[in-house]
Amino acid sequence: VATRAETATLAQPRTFSERLVRWISRSPVHILLLAIAAIWLVPTVALLVTSFRPRSDALSSGWWHVFSSHLTLANYSQVIHTGGMGHAFLNSLYITVPATILPLTLGAMAAYAFAWTRFPFRDTTFLIVVALMVVPVQTAFVPLLKFFRENGHLNTEFYGIWLAHTAFGLPLAIFLFRNFFITLPKDLIEAARMDGASEFAVFRRVVIPLSVPALASFAIFQFLWVWNDLLMALIFVSDPSKQPMTVKITQLLSTYAQEFHILAAAGFLLMAVPLIVFFALQRYFVQGLLAGSVKS
Amino acid sequence: LSAQAPPLQVPQPKRRFGRPREGSFKERLQGIAFAAPALIVLGLFVVYPAYYTVRLAFYSSDYLFSFTNYVGLQNFKDLFQDKDFFDVSHFPPSGAVFNNLKWVLIYISLCLILGLALAVLTIRVRYESAVKSVIFIPMAISATAVAVIWLLVYSPNPDIGTVNAVIHGLGGSPVSWLGQSNTVNYAIIIAYVWASTGFAMVVLSAALKGIPTEIIEAARVDGAGEWNIFRRIMLPMLSLPISIVTVWLFINVIKVFDIIYVMTQGGPGTSSRVIAYTMFVDTFNGFPGRGAAVAVIMLLLTIPVMILNISRFKSERVIT
């Protein structure tokens with residue numbers, strides 16, 4: 001399939017030689033693109049290769065000597081078992097799953113209120129929510145930490161970080177969902193109300209089933225956001241046995257400094273889930289990112 | 001990435017944004033009930049803390065973060081006397097503020113230029129989605145992982161670090177990119193550009209595909225060259241998405257922390273600190289009031305973006 005740029009410049013080439021001429025005339029573009037793609041891949045490939053190299057090789061020669069060294073999974077088993085990354089992986093899950101579901105649920109309910117119900121100051125409140133999307137988390141560190149410490153030590157459990165991520169994920173959730181909900185056909189919602197459905201039934205049985213793409217986009221976005229976060233975990237997870245992988249890696253870094261075979265394996269464990277999510281759910285992910293670009 | 005990029009526009013509201021007609025008492029109560037849980041969480045954990053932090057910026061405070069020892073604007077004065085934060089005693093000026101300025105200028109412009117170039121170039125080739133995937137993947141991974149990846153790239157040992165291996169191979173002597181204060185900021189910025197260019201590319205590419213083919217064909221028929229088509233048609237039509245990406249990158253720069261924390265801990269010395277890094281260090285090293293003052297500065301920097309978002313929304317334009 002020709003792109004529009006091609007169709008505009010010349011008619012579809014029919015013979016092999018015509019195609020060859022066209023390809024060569026475009027070769028600067030091809031070379032440039034392939035070079036950029038290669039530069040973009042090298043850093044990740046270097047780390048991937050290093051994560052499979054034995055200690056002695058990784059300390060003495062570069063990743064490009066991959067073909068002259070045997071590869072091993074020993075680094076992975078070392079970081080998972082003795083390095084604590086296995087436990088940290090579970091902590092990352094414990095942190096991320098509720099910190100995704102909570103803003104998803106609360107955000108969808110609030111968005112329904114903003115889109116399909118009427119109450120005083122509705123639109124003013126919504127504009128405030130829009131404004132809150134870019135508030136830096138730094139403005140909440142100290143008061144939240146103080147609040148968590150003085151109210152049942154929430155920062156020594158997972159509650160603190162769940163609440164913090166929920167609060168800072170909510171504005172984006174409400175904004176995205178409200179903009180999606182408001183495009184649903186009005187007749188559908190009115191009809192359900194006429195039939196005597198309660199507001200909750202309309203929300204649960206009409207609005208939610210029709211909004212799966214928007215809900216999925218936000219869920220993926222928030223999941224990756226929380227999974228990849230270091231700063232909030234550093235501050236709101238005080239118990240070392242509850243720290244997620246991002247925090248664990250910073251500790252491995254101070255222990256192993258230049259031992260990249262260990263750091264590489266740890267880094268890939270951290271990247272594994274986001275990469276799986278990315279390849280499995282690319283479209284939703286990109287949509288969520290495009291729609292969420294008002295937040296960082 | 002699928003060749004068919006998702007549309008940039010959020011579905012447009014079907015009814016005008018304005019004052020809702022008052023509903024019945026029961027209707028209003030139900031609306032409030034649906035919104036209440038989220039609004040309570042936002043009020044307690046976002047709005048009230050922001051107020052608390054602004055107030056704290058006027059106290060020297062203590063390890064309990066309470067409002068003790070009112071000092072007025074002294075925290076802000078101290079901050080701008082602090083050579084690690086703001087140093088204009090020599091040229092070029094240094095400190096976290098000027099490091100952050102380097103980030104704003106270099107990070108934003110490199111991401112935009114590379115993103116735009118990739119968007120324009122990839123549209124012309126068959127393997128568009130493959131190239132875009134490669135550029136975009138770093139967007140999905142955490143800044144912590146990006147930092148580990150680039151620590152290896154920048155390793156001062158030419159037998160291990162990719163960059164120094166290339167320099168060594170060309171006959172140069174290896175450079176400790178992260179170990180010296182005149183290169184460390186640029187090195188980290190490049191790593192973050194690597195991670196963020198994919199975003200600019202995807203947004204701009206989606207917008208580029210939204211430009212009607214007829215316009216570009218008509219210009220070609222009229223004899224416009226490729227450069228003029230780019231300069232006079234594509235660029236003006238991309239001005240809104242470019243401004244959206246710029247705002248996003250700007251917010252990213254104000255908040256940048258994780259990658260610096262993992263790569264250099266703000267070092268060597270304090271030479272790679274940025275504003276968000278100073279906030280963290282001051283708050284947790286015995287200067288909570290000063291940390292709050294930095295947070296207030298960060299909040300002030302985001303206020304223009306808040307106003308922009310609200311006015312865009314009110315005018316019912318694209319708001320992504």
Side-chain angles (χ1 to χ4, degrees), chain A residues 3-5 8 29 33 37 40-41 43-44 46-47 61-62 106-107 109-110 112-113 117-119 122 127 130-132 134-136 138-140 142-144 146 163 166-167 170 174 179 182-183 199 228 230-231 246 249-250 260 263 267 270-271 274 278 282-283 286-287 290-291 293-294 296, chain B residues 1-2 6 10-11 13 20 23 27-28 30-32 34-35 37-38 41-42 45-46 49-50 52-53 65 121 123-124 131 134-135 140-142 144-145 148-149 152-153 159-160 162 165 202-203 213 217 220 248 251-252 255 257-258 262 279 283 288 295 298-299 302 305-306 309-310 313 320:
Chain A
T3 67
R4 69 171 62 99
V29 171
L33 274 179
W40 238 260
L41 268 180
T44 318
L47 197 76
S61 66
L106 299 186
M109 286 175 62
Y112 177 76
T117 70
R118 287 179 289 204
F119 57 90
R122 187 190 71 179
L127 286 183
V130 172
L132 292 182
V134 291
V135 170
Q138 277 81 0
T139 56
V142 161
L144 280 191
K146 185 179 166 69
L163 280 173
T166 300
L170 264 177
I174 297 174
N179 282 355
I182 211 160
T183 61
E199 285 299 317
N228 289 339
L230 167 67
L231 180 56
T246 45
I249 283 186
T250 64
F260 277 107
L263 301 175
L270 172 62
M271 286 159 63
F278 175 78
Q282 266 187 35
R283 262 193 52 210
V286 172
Q287 275 166 357
L290 284 173
S293 51
V294 276
S296 90
Chain B
L1 302 183
S2 58
V10 159
E27 222 182 51
R28 280 189 262 169
Q30 278 174 329
I32 292 170
F34 268 91
V41 170
L42 283 174
F45 300 117
V46 180
Y52 188 103
T53 300
F65 305 133
L121 290 180
I123 214 168
R124 293 153 183 264
V131 174
V134 167
I135 309 290
I141 65 179
S142 109
T144 309
V148 173
I149 287 173
L152 178 61
V153 171
D159 290 331
I160 300 209
T162 314
V202 165
V203 174
T213 323
E217 276 178 32
R220 266 206 195 95
W248 186 87
I251 294 283
N252 235 8
K255 294 179 175 177
F257 173 88
D258 290 3
V262 179
M279 189 274 162
T283 302
M298 294 178 68
L299 189 62
T302 58
V305 179
M306 287 180 197
N309 280 347
I310 291 178
F313 187 81
T320 43

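Each chain gets a letter, A, B and so on, in the order the sequences are listed, and its residues count up from 1.
Within the 4.5 angstrom heavy-atom criterion, atoms from both the backbone and the side chain of B:Val134 approach chain A. Looking at B:Met298, both its backbone and its side chain come within 4.5 Å of chain A, counting heavy atoms on both sides. Contacts between B:Thr283 and chain A at a heavy-atom distance below 4.5 Å involve the side chain alone, from C-beta outward. The parts of A:Thr44 that come within reach of chain B are both its backbone and its side chain, each placing non-hydrogen atoms under 4.5 angstrom from that chain. Looking at B:Phe65, the atoms closer than 4.5 Å to chain A (heavy atoms on both sides) sit in the backbone and in the side chain alike.
The nearest pair of heavy atoms linking B:Val153 to A:Pro43 is CG2-CB, 3.7 Å. Taking both residues in full, the closest heavy atoms of A:Phe119 and B:Ile32 are given as CB-CG1, 3.7 Å, listed atom of the first, atom of the second, then distance. Of all heavy-atom pairs spanning B:Val148 and A:Leu47, the tightest one is CG1-CD1, 3.9 Å. Pairing each heavy atom of A:Leu231 with each of B:Asp258, the nearest pair is N-OD1, 3.3 Å. Shown here for B:Ala38 and A:Leu170, the closest heavy-atom pair between the two residues is O-CD1, 3.7 Å. Minimum interatomic distance between A:Pro136 and B:Lys255 (heavy atoms only, all atoms of both residues): CA-CE, 3.7 Å.
Expressed to the nearest 0.5 Å, how far CG of A:Asn228 lies from CD1 of B:Ile141 amounts to 8.0 Å. The distance from the OH atom of B:Tyr52 to the NZ atom of A:Lys146 is 4.0 Å, given to the nearest 0.5 Å.
The candidate from B:Val131, B:Val46, B:Leu152 with the greatest count of non-hydrogen atom pairs under 4.5 Å with chain A is B:Leu152. The choice from B:Val41, B:Ile135, B:Leu121, B:Thr162 that makes the most heavy-atom pairs within less than 4.5 Å of chain A is B:Ile135. If you tally non-hydrogen atom pairs under 4.5 Å between each of A:Gly62, A:Ala167, A:Ala46, A:Pro274 and chain B, the highest count goes to A:Ala167.
Considering only heavy atoms from C-beta on, B:Gln30 stays 4.5 Å or farther from A:Thr117 through its side chain. Contact check for A:Leu33 versus B:Arg124: no side-chain heavy atoms found under the 4.5 Å cut-off.
Side chain of B:Thr53 to main chain of A:Thr139: a donor-acceptor pair is present (N/O by atom type, distance under 3.5 Å, no hydrogens or angles).
Just one of A:Leu127, A:Leu132, A:Val135 meets the side chain to side chain contact (heavy atoms under 4.5 Å, CB included) condition when paired with B:Met306; it is A:Val135.
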